[in-house]
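Written below as structure tokens is the structure these notes are about.
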Amino acid sequence: MESDSETHSTCNNNFDARKYLEVYYGVDPKTQQVDVESKFVLGFLHDVFASGRVAGDSLIEIGAGPVLYHIVSASERFNTIYLTDYCEESLHEIDKCLQGENDAFDWTPYLKYVCNLEGNRSTPKDKMETMKKNIKLMKCDVTMANPLQPNTVPQADCVIVAGCLICACKTPNDFQNALNNISSLVKPGGYLIIVDYLGASYYLIGQTKLNLLSLDETIVKQNVKAAGFCIEEFEVGNNFGIPHEIFNCKEVFCLLARK
């Protein structure tokens, strides 16, 4: 089993953030169509934030990686959004998007999809401009009692954890400890959103194989409740276009819980 320091070393040395984006979020240049899994996740997030019940002063995404799209529907619902990750390279990829650099990853197809869900009352350019104003980047480590250490911020109205925990945790006990740490960032009455995978044990970035913690629905629900949350929604999707040999995922789940 890898120690925490070995896990962090793997992140820094083996995780190619740009290749990860190209493999898992690249779209067909001709069709520009968003994949089925992303439609499922973005649809869930749209419904949650469009309801108006999950909103407030601040939102934190823990372990965002180089991915920008989980907070698109939330961008107009919060005054400040903290995007955090352990890997500096991932934060750099997000920063390139926010700075409008020429070699930044193009999230336009995903922004268009969210705009369409919202009835096209705004454009992808509008969405990006809003996010540029609201987003702050920060390091995080879910193994710490304060995952944002050495920084501190007021407890948030909502915390999102997407595709992070099965990467950062090696055992179910690690998973519970990470959820307890994340819970400390959520204000009483605030919300936790988790987007992650069930039954997955590895994924590939090029020739690099990265191991994952395999979870089932029961473990997820038990640990979320033990961390002090009441689960309000739990949805599962299982229609993927990614080859099994690249990512042996069985199902993706989206969870909404209140503290």
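Side chains included, hydrogens not; waters and symmetry mates left out as well; all remaining heavy atoms used.
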Are the side chain of [X] and the backbone of [Y] linked by a donor-acceptor contact shorter than 3.5 Å?
| X | Y | value |
| --- | --- | --- |
| Tyr25 | Tyr69 | no |
| Asn181 | Asn177 | yes |
| Asn134 | Ser75 | yes |
| Asp85 | Leu91 | no |
| Glu251 | Gly237 | no |
| Gln176 | Asn223 | yes |
| Ser183 | Ala227 | yes |
| Lys127 | Leu111 | no |
| Asp126 | Thr123 | yes |
| Lys187 | Ala156 | no |

Taking the ring of Phe247 and the ring of Tyr197, is the distance between their centroids below 6.0 Å?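 Judged by ring-centre distance (under 6.0 Å), Tyr197 and Phe247 do meet the cut-off.
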
Would you name the heavy atoms of Arg77 and Phe49 that are closest together and state the gap between them?
->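 Shortest heavy-atom contact: NE-O, 3.1 Å.
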
- Task: Kindly give the heavy-atom pair with the smallest separation between Leu256 and Arg53, and that separation in Å.
- Result: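 Where Leu256 meets Arg53 most closely, the heavy atoms are CD2-NH2, 3.5 Å.
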
Can a salt bridge be assigned to the pair Glu129 and Lys125 using a cut-off of 4.0 Å between side-chain N and carboxylate O?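 No, no charged N to carboxylate O under 4.0 Å.
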
Next on the checklist: Working to the nearest 0.5 angstrom, can you tell me the gap between Leu98 CG and Ile135 CD1?
Outcome noted: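 CD1 of Ile135 is found 5.0 Å from CG of Leu98.
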
Open item on the list: If hydrophobic clusters are built by linking Ile, Leu, Val, Met, Phe, Trp and Tyr wherever their side-chain heavy atoms come under 4.5 Å apart, do Leu185 and Met144 end up in the same one?
Closed with: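 Different clusters: Leu185 never reaches Met144 through Ile, Leu, Val, Met, Phe, Trp or Tyr contacts under 4.5 Å.
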
